[in-house]
Amino acid sequence: MTHSSGAGAIGVFDSGYGGLTILHEIRQQLPMYDYIYIGDNARAPYGSRSFDVVYEFTRQAVMKLFAQGCRLVILACNTASAKALRTIQQHDLPTTYPSRRVLGVIRPTAEVIGDITTTRHVGIVATPGTIKSRSYEMEIGKLYPDIIVTGQACPLWAAIVEANEADSKGADYFVKKRLDELMSKDPHIDSLILGCTHYPLLLSKIRKHLPASVHIIPQGCYVARSLDDYLHRHPEIASRCTQGGTCRYLTTESPERFQETARMFLHEDVQVEHISLE
Ligand code: DGL
C-alpha cells in the first residue's frame, strides 16, 4: 500500500467532482482494487484555462498520487486528458517514473462510438478547452474516418455542477442553449458524447432538451471497461495495484463541502481529507 512496498492504490484525478462519475463506474466493475481520488476543487473548473496551466495542475496531481504510492493514475477529466495526458506520458513519465502509467478518458470513449451511431453524425459537448483541443475529432477520425464529429463548447456547465446548481432553472437555460446550438449546426446527429465527466450530473436536463432520437453517451462505463481490459493486458501493472477494496478521497478545497457534494455523485457518505498540490 505504501510507496516502498512497490505497490499502491489506483489514482483517479479530476479538477473537481466530475471524476466521481468515472470512479463510481470503475468501482462497480473493479471493486477489489484500492483507489485514491484527488479533486482539485480549489482550482476548478479547468475548462477555460490555458494548455500550460491545465498541464501544470494535472502534473502536480499526478506527482502527488505517485507520492502516495500509486503505480497507475486515471485522468478522469477530459480537459486534463486533452491538454496534459500526452505531455505527461511522453515527457514526464520516461524521465521521472518510467514504470508508472497514466491513462485518460478520451480514447476509451472514442472507441465505442463506431458501434453506436447509425447516421455517422456524432455530437460532443465538452469544456471549451476540450473542444478547442479537437482531441475527440482526432481520436474518432483515426478509428472511424467516415464519422462526422461536431463539437459544442459548453462554458458554465461544469461550473453549474461544481456550484451544486444542476437542478436549477439556470441549468435548464444553459443546457438548452448549448444543445440547440449544437443541433442547429448538424441536425443529423444521432449520438451525443458527454465529453466532460461533470455532465452526467446534468443528464436529466440534457435528455429533456435533446431530440428523443439522440443517444446520450456518458463515459464512465466505457472507461471502466477499458481499464479492466488494460489491467488484463498488463499483469505487470495490475500486480502492483493493491486489492483491499478501499477508497480515499482528497480535495484541495474544504473536506466538508466535498463530502456533502460527493453524496450526490456516490450515494454514500465518504471520509474526505484536505491536500495541497502546489
Ligand atoms: N470534469 C472535467 C472534464 O471532464 C473538467 C471540468 C472543468 O474543470 O472545467 O473536462
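Computation of the quantities below employed the complete heavy-atom set of this structure, encompassing side-chain atoms and omitting hydrogens, waters and symmetry-equivalent molecules.
- Judged by distance alone, the side chain of Q259 and the main-chain N or O of V270 form a donor-acceptor pair under 3.5 Å.
- Counting only N and O atoms by type, the side chains of D180 and H209 include no donor and acceptor under 3.5 Å apart.
- Side-chain atoms of K132 never come within 3.5 Å of backbone atoms of S48 as a donor-acceptor pair (strictly under, hydrogens ignored).
- In this structure, K185 does not pair ionically with E181, as no charged nitrogen and carboxylate oxygen lie closer than 4.0 Å.
- Distance alone, capped at 3.5 Å, places no donor-acceptor pair between the T117 side chain and the S191 backbone.
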task = Test R263 against E260 for salt bridge (charged side-chain N to carboxylate O under 4.0 Å, His left out), laying out the working first.
result = CA-CA 6 Å; R263 202 176 294 133; E260 220 169 274; over 6 Å; no
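- Taking both residues in full, the closest heavy atoms of A163 and R257 are given as CA-NH2, 4.2 Å, listed atom of the first, atom of the second, then distance.
- The shortest heavy-atom contact between S81 and V105 is OG-N, 3.3 Å.
- Annotation for I189 and V214: closest pair O-CG2, 3.6 Å, computed over non-hydrogen atoms.
- Counting all heavy atoms, side chain and backbone alike, Q243 lies closest to D34 at N-OD2, 3.7 Å.
- A distance-only check finds no donor-acceptor pair linking the side chain of T79 to the backbone of G129 [under 3.5 Å].
- Looking at Q29 and E25, their side chains never bring a donor and an acceptor atom within 3.5 Å of each other.
- For the pair D229 and R233, the salt-bridge criterion is met [side-chain N within less than 4.0 Å of a carboxylate O].
- Listed for the Q89 side chain is a donor-acceptor partner under 3.5 Å among the backbone atoms of V102.
- Y17 and N164 are not linked by any side-chain donor-acceptor pair at a separation below 3.5 angstrom, with hydrogens and angles left out of the test.
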